[in-house]
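Keep in mind that the numbers below use all heavy atoms, side chains included, and drop hydrogens, waters and symmetry copies.
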Amino acid sequence: MNADDNALAAVGVDAEDEQIYRELLRRPRATLPELAAHTGRTTVALRRACSRLESLGLVSRMAGRPVRYVPTRPDVAVAALISRREEGLAQARLAALALLAETPRTENLAPEELVEVVQGQAAVVQRFTQLQQTATEELLVLDRPPYAQDPSQQNAPEMERLAHGLLVRGIYDASALEIPGKLRLAQESAAAGEQARVSPEVPMKLAIADRRTAILPLSADASAHSDSAVIVHSSSLLDALVTLFEVLWRSALPLPIFDAPSRPADMPDPELFALLAAGLKDEAVARQLGVSLRTVHRRVSELMDRLGARTRFQAGLLAARRGWWDADS
């Protein structure tokens with residue numbers, strides 16, 4: 001069974017029932033014995049499964065004997081299930097607001113309740129995802145390796161929140177952008193609306209939602225995966241974390257994005273320049289571009305010659321003057 005065999009799991013259909021629905025789509029009006037012959041299931045099991053499918057609106061039972069089931073058109077049936085699921089989620093959101101009214105305000109919490117410790121990698125990932133999904137105004141993020149999740153995969157919850165207009169500001173450690181594909185993902189996030197900057201030294205991972213809640217690793221060892229995290233609620237400690245982010249933000253450089261519409265016509269080797277401007281070392285640039293280190297040295301030299309620069313720092317200033325990169329944004 002592959003992943004497509006349970007494509008309807010998100011709307012409450014289990015894998016075995018979905019297989020019976022698929023069989024009915026291929027053989028509409030089949031009797032239970034006919035379904036049993038093609039699925040290898042007993043008629044008793046099929047009768048129960050068809051009853052569940054009928055309650056979901058995926059099949060209907062025909063009048064007469066023997067009993068036959070007709071599948072509902074997939075687009076119609078699934079749309080109805082999605083609508084039902086959305087109504088349930090809306091009711092859950094209302095219930096959450098009602099529960100929130102019963103919850104003590106964070107400023108009234110006892111000191112020991114202002115900080116939580118979350119243990120286990122799965123629990124840390126879950127709380128970080130919840131933090132992103134519940135942010136309504138602003139999300140501040142310090143991004144650096146190592147990662148609990150696959151760094152080659154886009155942060156889907158953040159992209160969803162960006163699509164809904166959430167203000168996201170992210171500061172990437174330069175070492176993060178050395179991971180193959182990470183710069184491209186960061187640029188995709190920036191293109192979706194994230195305000196992204198790069199810093200040569202991001203001290204830790206951090207995410208702050210609405211300046212009310214933050215999550216950060218419990219361990220100070222930035223070179224190892226952390227299986228525990230600290231949740232900080234409104235307090236002077238949280239205020240200090242917000243201040244840290246703002247200080248780093250002022251000193252960080254904007255993430256270079258050179259898409260086709262905005263790329264200056266006279267910019268040579270834009271992909272190379274984007275990697276250099278992001279603070280990547282030559283070895284990392286070579287890995288990102290899939291070329292040799294000697295090729296990177298040659299192309300960097302040609303770029304600096306064209307700009308008339310003696311150092312990379314001077315090249316960055318000259319490039320900004322030519323409008324290739326807004327170094328003050």
Side-chain angles (χ1 to χ4, degrees), residues 96-97 99-100 103-149 151 154-162 164-176 185-186 189-190 192-252 255:
L97 293 175
L99 291 171
L100 182 62
T103 304
R105 295 175 62 86
T106 54
E107 53 265 34
N108 296 328
L109 294 178
E112 64 271 16
E113 296 176 310
L114 293 174
V115 176
E116 304 174 48
V117 176
V118 180
Q119 295 183 325
Q121 184 172 310
V124 171
V125 171
Q126 182 181 37
R127 289 300 295 270
F128 174 57
T129 300
Q130 289 175 339
L131 192 78
Q132 296 177 93
Q133 293 173 334
T134 56
T136 59
E137 299 174 3
E138 180 185 52
L139 185 66
L140 309 177
V141 180
L142 297 181
D143 184 304
R144 61 160 301 142
Y147 297 100
Q149 297 172 286
Q154 185 57 272
N155 184 346
E158 179 188 329
M159 297 297 280
E160 179 183 350
R161 303 303 292 131
L162 284 168
H164 285 83
L166 181 70
L167 172 62
V168 179
R169 287 194 286 157
I171 304 175
Y172 295 86
D173 188 87
S175 65
L185 294 178
S189 296
E194 177 187 294
Q195 297 180 23
R197 294 192 177 185
V198 183
S199 172
E201 187 58 45
V202 173
M204 61 184 177
K205 295 180 182 181
L206 174 67
I208 306 173
D210 298 333
R211 306 196 176 210
R212 295 178 181 175
T213 310
I215 183 172
L216 63 154
L218 182 61
S219 172
D221 184 2
S223 64
H225 285 293
S226 177
D227 290 333
S228 55
V230 177
I231 309 295
V232 181
H233 298 287
S234 295
S235 60
S236 59
L237 175 57
L238 181 63
D239 294 341
L241 293 173
V242 172
T243 299
L244 170 65
F245 179 90
E246 295 295 353
V247 169
L248 292 171
W249 180 262
R250 287 193 291 271
S251 63
L255 180 77

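- Note that CG of L206 and CG of L140 are 8.0 Å apart. Values are rounded to the nearest 0.5 Å.
- Residues satisfying the side chain to side chain contact (heavy atoms under 4.5 Å, CB included) test with A196, not counting sequence neighbours, are Y172, A190, E194, L255.
- Nearest heavy atom pair, residue P157 against residue T129, reads CG-CG2, 3.9 Å.
- In this view, Q126 satisfies the side chain to side chain donor-acceptor pair (under 3.5 Å) rule with no residue, not counting sequence neighbours.
- A distance of 10.0 Å separates CG in L238 from CG in L114, rounded to the nearest 0.5 Å.
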Residues L248, E201; criterion side-chain contact (heavy atoms from CB on, under 4.5 Å); working and verdict: CA-CA 9 Å; L248 292 171; E201 187 58 45; over 6 Å; no
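- Between the side chain of D210 and the backbone N or O of E138, at least one donor-acceptor pair lies under 3.5 Å.
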Can you give the donor-acceptor pairs under 3.5 Å from side chains of residues 239-247 to other protein atoms, not counting sequence neighbours?
| unit_1 | atom_1 | unit_2 | atom_2 | d |
| --- | --- | --- | --- | --- |
| T243 | OG1 | D239 | O | 3.0 |
| E246 | OE1 | R169 | NH1 | 3.2 |
| E246 | OE2 | R169 | NH2 | 2.6 |
| E246 | OE2 | R211 | NH2 | 2.7 |

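- Here the shortest heavy-atom pairing between A214 and I208 reads CB-CG1, 3.8 Å.
- E158 is not listed as a side-chain neighbour of L166, based on a closest heavy-atom distance of 4.5 Å or more.
- Remark: S251 engages no residue in a side chain to side chain donor-acceptor pair (under 3.5 Å) (not counting sequence neighbours).
- From L131, atom CG reaches atom CG of L139 across 6.5 Å, with rounding to the nearest 0.5 Å.
- Applying the side chain to side chain contact (heavy atoms under 4.5 Å, CB included) rule to A123 yields the partners V118; only residues at least two apart in sequence or on another chain are considered.
- In this structure a side-chain-to-backbone donor-acceptor pair under 3.5 Å is missing from R144 to D173.
- Each salt bridge (Lys or Arg N to Asp or Glu O under 4.0 Å) pair with one or both residues in residues 121-135, not counting sequence neighbours, appears once here: E116-R127.
- Here T134 contributes atom OG1 and R161 contributes atom CZ; the two are 8.0 Å apart, rounded to the nearest 0.5 Å.
- When all heavy atoms of A229 and I215 are compared, the closest pair comes out as CB-CG1, 4.0 Å.
- Of the inter-residue distances, the one linking L218 atom CG with I231 atom CD1 reads 10.5 Å to the nearest 0.5 angstrom.
- Without hydrogens or angle criteria, T213 side chain to A209 main chain gives no donor-acceptor distance under 3.5 Å.
- Using a 4.5 Å cut-off on side-chain heavy atoms (C-beta onward), L142 and S199 make no contact.
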